[in-house]
Amino acid sequence: MKKFLILSAFFMLACVPLFSEADEDCMICHEDPDLKTEEGTLLFIESVKFLSSVHGESGISCVGCHSDLQGFEDFPHKEKLETVSCGECHDKAAEEFKASIHSEATIKKDSLIVSCKDCHGKHDIRNKDDFDSRVFPLNLPQTCELCHLGKVKRERGVEFIKQYEKSIHFEGLEKAGLTTSSNCSNCHGAHDIKAVHHPLSRVSRENIIGTCGTCHVGIERDYLEGVHGKDYAKGSKDVPVCTDCHSEHDITSPQNLASSVYKTKIAEVCSRCHDDEALSRQYGFLTSRLKTFSDSFHGTASKFGETRVANCASCHGFHAIRPSSDPKSSTHPGNLPETCGNCHPGAGKNFAEGKIHVISEKISNKWAYLLKIFYIILIIVIVSIFLIFIAADIFHRVFRRRKRE
Ligand code: HEC
Ligand code: HEC
Ligand code: HEC
Ligand code: HEC
Ligand code: HEC
Ligand code: HEC
Ligand code: HEC
Ligand code: HEC
Ligand code: HEC
Ligand code: HEC
Ligand code: HEC
């Protein structure tokens, strides 16, 4: 037993990585916690952190990165050393990074410099699957936000980035601990991040369906089968993509009041296009869809916050929307009993008969409409006069009593 203990202690020692002889040369000075440059930059290297980093564990020596000191023995060395080039060993990452917006920012002299160490660190770099890595999915938002909530101001400002923290995706990471939820890199990439409108950007119109679809596989399939998706696949710029309906950084569950597709807000989302004059002319829509919906029982109740009534999506669906002429469409005459029946149990063919988007009386009977408006104004005027009369009476009584006292 004793022998075993000694043996295992020996193995444990052997497993603890130690500095190589060459690295000891550097640590003679850099082990000193007080070592600083004249400007006060700390030059102290924490042994434990470095030795437990992926490079320390892989036996990469100091001069593996600080390569201008390779073979150097005549210490002290010169004051300024070359910038470390990570690409010497990580050529694929470096190649991708070179074509990114972050690399462009570095080349433009007046901008902030972005380099490998900003996302990975220097002497404490860890494997990307390590809990403590700066690029581990749960830690990544913080790493990006270091710049994007600070010094870097883009078109839509810092608030736009901050919205991410209100999203279901962030909640998934933070609260549910789901590494499969979407962090910044799932949508934007890591080394190959492009300006958002660049055609190769993962969030550009051209690519956004595939980007959300990497995780929401079933929804991508449904979308591409619908009328919007079919046109999207042909390159149309007029149809909605995921972010037109769900927004970008503050995506939440549709059951959340803040969601852009919360039941009572859906009409607004669809009408952005379906009430648009130019689009309707181009595609032969009727722009009366919102109006006819709003005038219907469903629309009126919805305006008052009633969520049980039908909205555009309850009848048309939302991802695989099909024109009513398509027999598979939920609004095809043959399928209406089922569509309405979802909420009106027992709804037969008769129930669903007649136009749903009917032009209301309001427009077809102009005189009746004007008369109604006249009555409404008359009532408001009469009630107002009545209220003024009561107020004057009260004032008069109070005034008289004061005078008597
Ligand atoms: C004799 C002590 C000593 C030894 C040995 C030594 N350094 Fe230094 N090192 C210094 C001092 C002092 C500075 C600060 C120079 C200055 O004033 O800017 C420094 C600065 C540095 C810097 C920062 C340079 C810059 O451009 O800001 C790096 C990197 C560095 N050392 C790496 C190494 C490596 C790698 C080794 C081993 C191969 C090593 N040092 C060995 C004393 C030492
Ligand atoms: C994985 C690559 C890598 C290894 C290995 C490495 N360094 Fe560095 N080191 C860097 C980077 C990156 C910087 C930041 C400056 C730069 O970009 O050139 C840096 C900076 C430094 C500095 C300046 C102070 C600072 O923190 O910015 C010192 C001192 C230093 N290194 C010493 C060492 C010593 C001693 C070792 C070995 C124990 C070592 N380095 C191993 C990448 C490395
Ligand atoms: C904007 C932040 C960012 C910058 C800058 C950055 N990386 Fe990364 N890097 C990441 C993220 C995020 C991951 C994890 C990607 C993943 O999970 O697939 C990663 C992963 C890696 C990996 C391991 C996985 C792989 O792709 O092989 C290496 C190696 C790496 N980076 C090296 C570098 C080097 C070298 C540079 C500089 C040329 C660099 N990184 C610059 C964010 C960055
Ligand atoms: C001398 C070669 C060398 C240099 C220079 C170097 N690395 Fe590495 N790096 C390695 C080796 C070896 C590994 C461990 C094997 C692996 O996982 O690829 C590694 C691993 C990594 C990993 C983890 C890979 C993963 O799968 O998650 C990252 C991240 C990384 N390096 C980033 C950097 C960054 C950033 C720099 C510059 C500051 C740098 N490396 C400089 C050799 C190097
Ligand atoms: C669910 C996907 C998704 C996630 C997660 C995400 N983004 Fe975005 N991001 C987008 C989309 C979509 C746009 C807008 C694209 C457009 O305008 O066409 C965008 C735009 C941006 C922009 C440009 C802002 C501007 O003002 O134009 C920046 C910078 C950005 N995101 C950074 C981040 C950071 C940092 C994180 C993590 C904290 C993050 N994003 C998380 C999808 C995402
Ligand atoms: C060291 C600071 C820094 C870090 C860390 C950083 N960025 Fe950036 N980022 C910038 C700068 C600077 C720009 C602007 C480039 C320009 O103006 O040309 C930029 C631009 C962008 C853009 C393009 C914005 C647009 O308007 O099109 C996106 C998207 C982006 N970053 C996402 C990220 C993500 C995701 C991460 C984390 C993986 C990250 N950034 C980490 C500094 C940083
Ligand atoms: C035309 C607008 C529109 C487009 C485009 C759109 N969605 Fe939706 N999406 C909705 C509506 C409306 C709902 C929810 C309706 C409800 O359940 O009340 C929804 C629900 C969802 C849900 C939650 C599923 C559920 O039933 O709770 C996810 C996830 C989702 N969408 C992802 C996506 C993705 C990914 C894309 C792109 C491939 C996309 N959406 C495109 C309107 C849209
Ligand atoms: C890396 C994978 C991934 C990517 C990329 C992604 N999502 Fe998600 N999304 C998830 C996960 C996982 C959840 C569930 C999170 C939770 O429930 O906490 C989710 C939830 C959602 C929800 C709420 C669903 C519900 O029923 O509550 C919507 C809506 C949504 N995502 C839309 C999008 C859109 C739009 C995009 C593209 C801009 C996108 N997602 C990109 C993984 C992803
Ligand atoms: C970004 C603009 C946009 C948004 C938002 C939008 N649509 Fe569309 N929609 C279009 C365009 C453009 C077409 C025409 C496609 C074609 O005919 O090829 C279309 C076609 C349709 C059609 C088929 C029309 C026909 O006559 O064949 C229906 C039904 C439809 N949309 C319903 C909806 C619903 C319901 C919503 C909301 C959940 C919605 N749309 C949101 C742009 C939009
Ligand atoms: C109660 C169910 C219901 C609601 C709610 C509803 N629709 Fe419709 N919609 C239909 C039916 C049924 C048709 C086909 C018959 C017709 O044109 O009246 C249709 C037709 C359409 C068309 C013509 C294209 C086609 O497929 O024939 C568009 C565009 C449209 N609706 C958009 C909307 C929008 C936008 C909303 C929300 C503001 C909405 N609808 C709300 C049931 C509904
Ligand atoms: C998402 C659920 C839902 C769908 C789908 C739906 N309705 Fe309704 N509808 C309601 C609710 C809730 C009321 C409120 C009164 C009630 O409970 O009957 C209502 C009320 C009505 C009313 C007026 C009140 C009445 O009972 O006479 C009519 C007419 C009506 N719906 C027709 C339709 C038709 C036609 C369809 C199919 C094209 C349809 N509805 C689809 C939920 C729905």
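In what follows, residues are counted from 1 in the order of the sequence shown. The basis for the numbers below is simple: all heavy atoms, side chains too, and nothing from hydrogens, waters or symmetry mates. Whatever order the structure lists ligands and atoms in, that order sets their numbers, starting from 1.
- At the shortest separation from atom 38 (C) of ligand 2 among protein heavy atoms lies C62 SG, 2.7 Å.
- Contact check on K162 versus E145 returns no salt bridge, with no Lys/Arg side-chain nitrogen under 4.0 Å from an Asp/Glu carboxylate oxygen.
- Heavy-atom proximity to atom 27 (O) of ligand 4, evaluated over R126, K128, H120, is greatest for K128.
- Considering each of S67, C116, C65, the one bringing a non-hydrogen atom nearest atom 43 (C) of ligand 2 is C65.
- Taking any N or O of D23, backbone or side chain, none lies under 3.5 Å from an N or O belonging to ligand 2.
- For ligand 4, the atoms closer than 4.0 angstrom to any heavy atom of G64 are 1 (C), 5 (C).
- Protein heavy atom at the shortest distance from atom 24 (C) of ligand 2 is L42 O, 3.6 Å.
- Classification of R134 and D124 as a salt-bridged pair holds, one side-chain N sitting under 4.0 Å from a carboxylate O.
- Listed by atom number, the atoms of ligand 4 under 4.0 Å from I125 heavy atoms are 28 (C), 29 (C), 30 (C), 32 (C), 33 (C), 34 (C), 35 (C).
- In this structure, atom 37 (C) of ligand 4 lies nearest to the protein heavy atom C86 SG, 1.8 Å.
- In terms of protein heavy-atom proximity, atom 18 (O) of ligand 2 is closest to V84 N, 2.9 Å.
- Residue nearest to atom 42 (C) of ligand 4, selected from D118, I60, V54, V135: I60 (by heavy-atom distance).
- For atom 6 (C) of ligand 2, the nearest non-hydrogen atom from the set H123, E82, K36 belongs to H123.
- For V241, every heavy-atom contact with ligand 7 shorter than 4.0 Å involves the backbone, none the side chain.
- Residue-to-ligand polar distances place H55 within reach of ligand 4: an N/O pair is separated by less than 3.5 Å.
- No part of L81 comes within 4.0 Å of ligand 2, judged by heavy-atom distances.
- The shortest separation from a heavy atom of H90 to ligand 4 is under 4.0 Å, placing the residue in contact.
- Scanning the protein for heavy atoms near atom 22 (C) of ligand 7, the closest one is I219 CD1, 4.0 Å.
- Residue, atom and distance of the protein heavy atom nearest to atom 28 (C) of ligand 2 are I45 CD1, 3.8 Å.
- Put simply, H66 gets within reach of atom 8 (Fe) of ligand 2, with an N, O or S atom under 2.8 Å from it.
- Looking at C312, G317, C245 and measuring to atom 2 (C) of ligand 7, the nearest heavy atom belongs to C245.
- For atom 15 (C) of ligand 2, the nearest protein heavy atom lies 4.0 Å or farther away.
- Ligand 2 has no nitrogen or oxygen under 3.5 angstrom from a nitrogen or oxygen of T83.
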Step-by-step salt bridge (charged side-chain N to carboxylate O under 4.0 Å, His left out) determination, D244 to R205: CA-CA 10 Å; D244 286 320; R205 267 195 83 80; 3.5 Å; yes
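- Using a 4.0 Å cut-off between heavy atoms, C212 contacts ligand 7 through its side chain alone, with no backbone atom that close.
- Nearest to atom 5 (C) of ligand 4 by heavy atom, out of S58, G59, C89, G121, is C89.
- When non-hydrogen atoms are compared, ligand 2 lies under 4.0 Å from the backbone of S61 (N, CA, C, O) but not from its side chain.
- Note on C242: not counted as a metal contact of atom 8 (Fe) of ligand 7, no N/O/S atom lying under 2.8 Å.
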